Amino acid sequence: MPLSNRLKNQHLLWRAGFGPTAKNTASLDNITSKQLWQLLLTTSAKPLEKIEVANNLTDGLVTGMQDVAQMEKLTKDEKRALQKQSREDLKSLNLRWLDEMINSQAQLREKMSLFWHGHFACRVVNIYYQQQLLDIIRSNAFGKFSDMLRSVSKSPAMLQFLNNRQNKKQHPNENFAREVMELFTIGRGNYTENDVKEAARAFTGWGFNQQGEFLFRPFQHDTGSKIFLGKAGNFNGDDIINILLEQKQTAYFITKKIYRYFVNEKTNEVKITWLANRLYESGYDIKKLMTDVFTSDWFYEEKNIGTKIKSPVELIAGIRRLLPMDMQNNNAQLLFQRALGQILFYPPNVAGWPGGKSWIDSSTLMLRLRIPQILTTDEAINIRPKSDDDIMMGQMMDDKVTARVNKAYAAKTGTVTVNWEAVAAIFKGVPRENLQDNIAKTILQSNSKLITVLLTKYLNNESRENFIKSAIINLMSTPEYQLC
């Protein structure tokens, strides 16, 4: 049976964005998926506004510093204040970007940026460097991968995170060169240890100043001849990146990762190879690749719908997009991210978040099912973040701190106000007998039917608005809503 326009468009909005809004849901029956894709391209092509949150204190400490070594001139108190303020500003950057995901019309750009945020995983406690890296990713999210790769590779955030400041002539550090190949381009198994050593020599001298400007230090660069992926020459870092981009394996590696993220974790080698060849021939044009994906008939096959587990950020953004709400305490969203294992700007390791089934375990599933109720009924929460310090990045809490954070993040009253009138307007004109089915088709991306008797048991029939409200909250609290 052919899929309805609504289901196809909901599928597209969840994969190319963060789901439908209360405003656009009602119109999904009247537009084709290709028209919707063009709209997503148009809205995401508008001029980008940078997200900048750095505090005046941080500005004052950084102004005038021309080199990383000058950080040593700061007093202990100044260093401590700078690090503390950077951490606070990173929280603000997190919430500002999350707000863009929720409210921006440029859904494609923000969703692509979230993908690249995991691909180019980076964890540094420096608000300037993180802002700059986020700007690079958002600016290039569906442009040329080659441009983004070069810019990310020369960003202070990545050079610092992967230790290239320590990569000097006669004392090479291989970390940066290894990850550029293993995680960013050709993938593990497609290079030798000697390729790593030679690439590291080529990247010697790459650095930056404290103001976030890339610097090449020629006296630290190894000018000797190098052999990399079968080619010989006096290569520098730019040469290594160019050679990597010449490899069709890079296009395949990127395409396969995109396919698993946007289409299905169960890969189709024929389709991936076809897409990868087109990506390579286009000069790594990401927009053309995503157009090939989102306008193909196979993207809308039932086996690809309702099969992807939403990441914590996708889950939070999706709920808030459909349910317009005012939050008195936005920091509650940081607690959800922390408890569910995805804190923006704090990836668990250099490989980023693994995604898929790793998002779900016994504790996170129960919390994920409770989030709609917590948000919409001002329910008090008692959450203990995961104790896995690789995920927590040193942010583990003792019981006393956890209790204080829970109390501060979610008071029993006045936390959230949902505009239920706007939500009820989605179903204006829908006959009462069709209302439950219509709501289910709006909320869930799966064709599976919930047992009507069980759902009906928890619905509020006091009024039409209460019925809609209770149906939405209950449907969002099902395992099916965890999928898109």
Side-chain angles (χ1 to χ4, degrees), residues 10-19 98 101 111-112 114-121 123 182-183 187-189 253-269 271-272 293 298-319 333 335-372 374 383-393 395 443-450 475-484:
Q10 286 176 329
H11 179 53
L12 177 58
L13 285 175
W14 269 112
R15 298 299 177 88
F18 300 91
L98 181 59
M101 298 178 197
K111 185 59 170 284
M112 291 297 304
L114 182 61
F115 167 77
W116 295 119
H117 181 59
H119 180 77
F120 293 112
R123 189 175 73 229
E182 179 179 332
L183 300 177
R188 184 179 297 180
F253 180 79
I254 296 301
T255 301
K256 186 173 183 177
K257 197 166 184 179
I258 282 176
Y259 186 96
R260 294 189 66 210
Y261 189 93
F262 290 96
V263 182
N264 200 317
E265 287 208 345
K266 295 181 178 179
T267 57
N268 183 306
E269 290 301 311
K271 290 181 173 62
I272 291 172
V293 171
W298 48 260
F299 175 73
Y300 298 95
E301 292 176 356
E302 286 198 43
K303 63 182 179 182
N304 296 323
I305 297 178
T307 58
K308 181 179 184 290
I309 299 174
K310 297 171 185 173
S311 72
V313 169
E314 289 173 315
L315 180 66
I316 295 167
I319 292 172
Q333 297 168 115
L335 181 60
F336 289 140
Q337 290 180 38
R338 186 175 297 177
L340 296 178
Q342 187 185 28
I343 309 174
L344 296 174
F345 306 106
Y346 287 93
N349 50 54
V350 293
W353 296 276
K357 293 181 180 179
S358 71
W359 293 129
I360 301 291
D361 60 32
S362 58
S363 62
T364 58
L365 178 58
M366 294 307 297
L367 174 57
R368 289 169 73 109
L369 297 178
R370 287 179 58 210
I371 285 178
I374 292 170
I383 301 168
R384 181 174 182 82
K386 286 186 174 183
S387 60
D388 181 353
D389 202 50
D390 188 40
I391 299 293
M392 295 306 300
M393 290 76 65
Q395 297 181 67
I443 301 301
L444 303 180
Q445 300 303 297
S446 171
N447 281 327
S448 63
K449 295 286 186 180
L450 293 175
L475 286 167
M476 283 183 168
S477 302
T478 63
E480 286 82 356
Y481 186 70
Q482 306 303 313
L483 303 171
C484 64

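From a predicted model like this one, the values you see are computed outputs, not experimental measurements.
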Looking at [atom1] of [X] and [atom2] of [Y], how far apart are the two atoms once the value is rounded to the nearest 0.5 Å?
X    : Y    : atom1 : atom2 : value
S477 : I374 : OG    : CD1   : 9.5 Å
Q333 : I371 : CD    : CD1   : 10.0 Å
N304 : Q445 : CG    : CD    : 13.0 Å
L367 : T364 : CG    : OG1   : 8.0 Å
R338 : I343 : CZ    : CD1   : 5.0 Å
M476 : I443 : CE    : CD1   : 4.5 Å

Can you tell me how the ring of H119 sits relative to the ring of F253, calling it parallel under 30°, perpendicular over 60° and tilted otherwise? tilted
Students often mix this up, so state it plainly: with edges at 30° and 60°, are the rings of F115 and Y261 parallel, tilted or perpendicular? perpendicular
Nearest atoms (heavy-atom pairs only) where [X] meets [Y]:
X    : Y    : value
G352 : P347 : CA-CB, 4.2 Å
Q10  : L444 : OE1-O, 4.2 Å
P312 : W359 : CD-CE3, 3.3 Å
K257 : L183 : NZ-O, 4.3 Å
P372 : I319 : CG-CD1, 4.0 Å
L344 : Q337 : N-OE1, 3.1 Å

Under the side chain to side chain contact (heavy atoms under 4.5 Å, CB included) rule, what do E265 and R260 come out as? Steps first, then yes or no, please. CA-CA 4 Å; E265 287 208 345; R260 294 189 66 210; 3.8 Å; yes
Quick check: does any side chain N or O of E182 sit under 3.5 Å from a backbone N or O of R188, one acting as donor and the other as acceptor? no
As a quick check of understanding, evaluate side chain to side chain contact (heavy atoms under 4.5 Å, CB included) for L315 and Y481, giving each step before the final call. CA-CA 9 Å; L315 180 66; Y481 186 70; 3.8 Å; yes
Does K303 make a cation-pi contact with W298, if we ask for NZ or CZ under 6.0 Å from the ring centre and within 45° of the axis? no
With the side chain counted from C-beta on, respond yes when [X] and [Y] share a heavy-atom pair under 4.5 Å apart, and no when they do not.
X    : Y    : result
I309 : I360 : yes
V263 : F299 : yes
S311 : W353 : no
F18  : L13  : no

Yes or no on side chain to side chain contact (heavy atoms under 4.5 Å, CB included) for L483 and K308, after CA distance, side-chain angles and deciding distance? CA-CA 5 Å; L483 303 171; K308 181 179 184 290; over 6 Å; no
Intermediate values then yes/no, side chain to side chain contact (heavy atoms under 4.5 Å, CB included), R123 and F345: CA-CA 6 Å; R123 189 175 73 229; F345 306 106; over 6 Å; no
Quick check on salt bridge (Lys or Arg N to Asp or Glu O under 4.0 Å): which of R15, R368, K111 does E314 satisfy it with? K111
